[in-house]
Amino acid sequence: MNLDSGNVQISCRPILGCIVLIFFCGMFSILTLPLGFGASVFAGEFGQMGAIRNDIADKVEANPQIIDAFGTPMEIRMLGSNTSFSLEGNVRSGSYEAPIGGPLGSGTIFAEYEKVGEEISYSELIVVTSDERVIDILSN
């Protein structure tokens, strides 16, 4: 408010600036909402893959043939080099491939899986050593 010779003048520039700022903040929020939703879906899928990778790692690390072939400690690169999945309803199926190594050698984990709810089943879970020996985790 400016007092000039007894006259009162009100400037609407600050009010207009606030309205414009509020408008742009609102538009930014609305436009970024789908990005947030997409990120939450991606995070959910990434979490599901984490459960599957952990289950695979538990089964591989507990197998006596794997321990004999690679020794301990073993290193499993949990981010698979060739991982794919599909989702139909609440059924998630896919394949997983990741390197494994230890003091006695290296190899690759291959898995074909299906996850319904919290239950994970495997049609294939093998480890192929660097000398091409195949260890079938499911047969033990």
Side-chain angles (χ1 to χ4, degrees):
M1 210 169 25
N2 296 326
L3 292 176
D4 191 17
S5 330
N7 295 331
V8 177
Q9 296 178 351
I10 299 176
S11 174
C12 62
R13 286 184 187 166
I15 295 171
L16 184 60
C18 287
I19 291 171
V20 168
L21 184 61
I22 291 170
F23 174 76
F24 281 120
C25 287
M27 291 304 295
F28 179 76
S29 297
I30 291 170
L31 293 174
T32 58
L33 185 64
L35 294 175
F37 178 73
S40 68
V41 169
F42 177 75
E45 290 303 322
F46 194 71
Q48 292 292 328
M49 281 303 302
I52 293 166
R53 286 191 305 266
N54 290 340
D55 189 63
I56 291 170
D58 290 345
K59 289 182 181 344
V60 168
E61 290 173 338
N63 186 289
Q65 289 180 316
I66 299 294
I67 294 169
D68 290 343
F70 298 102
T72 56
M74 273 181 264
E75 180 184 348
I76 300 173
R77 296 206 183 127
M78 295 309 292
L79 292 177
S81 59
N82 187 13
T83 304
S84 63
F85 72 91
S86 64
L87 181 62
E88 291 183 30
N90 69 339
V91 178
R92 177 176 282 101
S93 59
S95 62
Y96 178 80
E97 180 182 327
I100 180 174
L104 302 178
S106 62
T108 306
I109 301 168
F110 296 95
E112 295 287 331
Y113 66 87
E114 182 173 277
K115 183 173 189 237
V116 180
E118 296 300 314
E119 189 68 31
I120 303 170
S121 61
Y122 299 92
S123 58
E124 180 180 61
L125 181 54
I126 62 171
V127 174
V128 179
T129 63
S130 57
D131 61 355
E132 298 186 15
R133 189 172 113 211
V134 177
I135 302 170
D136 188 350
I137 308 290
L138 298 177
S139 67
N140 295 331

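- Criterion: ILVMFWY side-chain heavy atoms under 4.5 Å apart, direct or through other members. Under it, Val134 and Leu138 are not part of a common hydrophobic cluster.
- Atom CD1 of Ile126 and atom OG1 of Thr108 lie 9.5 Å apart (nearest 0.5 Å).
- Looking at every heavy atom in both residues, Met74 comes nearest to Ile67 through CE-CG1, 3.8 Å.
- Here the straight-line distance linking atom CD1 of Ile76 with atom CD1 of Ile100 works out to 4.0 Å at 0.5 Å rounding.
- The distance from atom OH of Tyr113 to atom OG of Ser123, rounded to the nearest 0.5 Å, is 11.0 Å.
- Looking at heavy atoms from C-beta onward, Glu61 lies out of side-chain contact with Thr72 at the 4.5 angstrom threshold.
- Applying the side-chain hydrogen bond (donor to acceptor under 3.5 Å, both in side chains) criterion to Asn90, with sequence neighbours excluded, gives no partner residue.
- The distance from the CG atom of Asp136 to the CD atom of Gln65 is 8.5 Å, given to the nearest 0.5 Å.
- Taken to the nearest 0.5 Å, the CD1 atom of Ile120 stands 12.5 Å off from the OG atom of Ser93.
- Minimum interatomic distance between Ile56 and Ala111 (heavy atoms only, all atoms of both residues): CD1-CB, 3.8 Å.
- Across Gly71 and Pro103, no two heavy atoms sit closer than the pair C-CD, 3.9 Å.
- Val116 forms part of a hydrophobic cluster together with Val91, judged by ILVMFWY side-chain heavy-atom separations under 4.5 Å.
- Across all their heavy atoms, Ile135 and Asn63 have their closest contact at CG2-OD1, 4.3 Å.
- Closest of all the heavy-atom pairs between Ala98 and Arg77 is CB-O, 3.4 Å.
- Using a 4.5 Å cut-off on side-chain heavy atoms (C-beta onward), Tyr96 and Ile52 make no contact.
- Ile109 has its side chain within reach of Leu125: a pair of non-hydrogen atoms, C-beta onward, lies under 4.5 Å apart.
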Determine, step by step, whether Phe70 and Val127 satisfy the side-chain contact (heavy atoms from CB on, under 4.5 Å) criterion, reporting the C-alpha distance in whole Å, the side-chain angles of both residues, the deciding distance to 0.1 Å, and the verdict. CA-CA 11 Å; Phe70 298 102; Val127 174; 3.6 Å; yes
